[in-house]
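Written out below as structure tokens is the structure these notes cover.
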Protein chains: 2
Amino acid sequence: MHQPEHLKSAGLKSTLPRLKVLDLFENGKERHLSAEDVYKQLLGSGEDVGLATVYRVLTQFEQAGLLVRRHFEGGKSVFELNKGDHHDHIVCLQCGHVEEFHDKAIEARQEKVATGLGFAIRDHSLQIYADCTKKKCPHKR
Amino acid sequence: MHQPEHLKSAGLKSTLPRLKVLDLFENGKERHLSAEDVYKQLLGSGEDVGLATVYRVLTQFEQAGLLVRRHFEGGKSVFELNKGDHHDHIVCLQCGHVEEFHDKAIEARQEKVATGLGFAIRDHSLQIYADCTKKKCPHKR
DNA sequence: CTTGTTGCAAATATTTTGCACCCAT
DNA sequence: ATGGGTGCAAAATATTTGCAACAAG
């Protein structure tokens, strides 16, 4: 599996559920997963974890800076690996796939607008909800 | 109170709970309210409504285009009057006040980015979380 | 009248927490 | 061994729904 250094440095013991969750994000197919997604995938792999543990681990990883929590529509929190870079998201309304993008011009304008209104940006979140224009949505679930 | 034309044209009967909720958004102090906020304010005004009715009314108003539903952080939905214009939000981290803004350049870039990735935008949501730079935050709660 | 609307309670959905047992160090 | 970690069940939070009583047109 993987080295538990990340966990160590975060003051977290290297346990099976934690290693498995980390592995899912590092080597899984989807980069953006909800607690339910993680839980189901672990059960599917024959792991015997509780949903509560998944929630606890995800929250701990978020606080440790290993994961980032996103608030898309739909009431569920979605997590992804914290790669250190900032990016925004475009969510396909047809299949739910999440694509990432970064646009310097948008960031610059945000800075300008905020400054103009007398604010100092600390963080921001931008999601675009869209339909895929290709004949077949390439990201069917 | 108010004319029920909005309701009529939306195919909704003009009832007391609906008129009261609409009034809150049109004449209330805060433009952005959660279901819980609306419910508490109505109870405070001596109205006898159920929380379920508030949720139903808010949802109906959203579908009728009278209100817009926002998904800020915190797990709760927040509603505001639909003034027809599109705008994004800047949330003051110090007092929680919500300021609105609209920037053509940002919108244009979003369109460009989405098109470039093969998507047709249906909706988007942009929130900036920031600190007020004025000596005293002018929006203390 | 007739159909839409409401309040209440119960049901969902998501996430958190209490607790006794288990395991990494 | 021992303190953190886990699973399970129950609680907490946000929202939806079934249903009988009720009210607008």
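Chain A is the first sequence line, chain B the second, and so forth, proteins listed ahead of strands; every chain is numbered from 1.
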Open item on the list: Expressed as a whole number of angstroms, how long is the span from Gln60(B):CD to dT16(D):C1'?
Closed with: 13 Å
- [ ] Please state whether the phosphate of dA14(D), meaning OP1 or OP2, lies under 4.0 angstrom from any side-chain nitrogen or oxygen of Ser34(B).
- [x] no
TODO: Using atom OH of Tyr39(A) as one end and atom C1' of dT16(C) as the other, report the distance to the nearest whole Å.
DONE: 16 Å
Task: N/O (side chain, Lys13(A)) to phosphate O (OP1/OP2, dG5(D)) under 4.0 Å - done: no
Task: Integer-rounded Å distance: dT16(D) P and Arg69(B) CZ - done: 6 Å
Task: Euclidean distance, Leu66(B) CG relative to Lys83(B) NZ, rounded to 0.5 Å - done: 15.0 Å
Task: Check: Phe101(B) ring centre within less than 6.0 Å of His87(B) ring centre - done: no
Task: Side chain of Tyr55(A) (C-beta onward), nearest among dT14(C), dA14(D), dT6(C) - done: dT14(C)
- [ ] Would you indicate whether Lys104(B), at its atom NZ, is surrounded by more than 12 heavy atoms from other residues, nucleotides or ligands within a distance under 6.0 Å?
- [x] no
- [ ] Would you please say whether a donor-acceptor pair under 3.5 Å links the side chains of His86(B) and Glu107(B)?
- [x] yes
Open item on the list: Heavy atoms from C-beta onward define the side chain here; which of dC8(C), dG7(D), dT6(C) lies closest to that of Ala52(B)?
Closed with: dC8(C)
Task: Protein-nucleotide distance (Leu12(B), atom CG; dT6(C), atom C1'), rounded to Å - done: 14 Å
Task: First encountered from the 5' end of DNA chain D, between Gly50(A) and Glu36(B) - done: Gly50(A)
Task: Gap between atoms NZ and C1', on Lys20(B) and dG7(C) respectively (whole Å) - done: 18 Å
Open item on the list: How many whole angstroms separate atom CD of Gln63(A) from atom P of dT15(C)?
Closed with: 15 Å
TODO: Rounded to the nearest angstrom, tell me the gap between atom CZ in Arg18(A) and atom P in dA24(C).
DONE: 12 Å
- [ ] For His124(A) and Gln127(B), test the side chains for any donor-to-acceptor distance below 3.5 angstrom and give the result as yes or no.
- [x] no
TODO: Identify whether any heavy atom of Thr15(B) sits under 4.0 Å from a base atom; if not, whether one sits that close to sugar-phosphate; answer base, sugar-phosphate or nothing.
DONE: sugar-phosphate
Open item on the list: As a test of reading the structure: which of dT15(C), dG7(C), dT15(D) is closest to the side chain of Ser77(A), going by heavy atoms?
Closed with: dT15(C)
Task: Base of dG18(D) paired with side chain of Arg56(B) (donor-acceptor, under 3.5 Å) - done: yes
TODO: Starting from P on dA14(D), measure out to NZ on Lys76(B) and report it in whole angstrom.
DONE: 5 Å
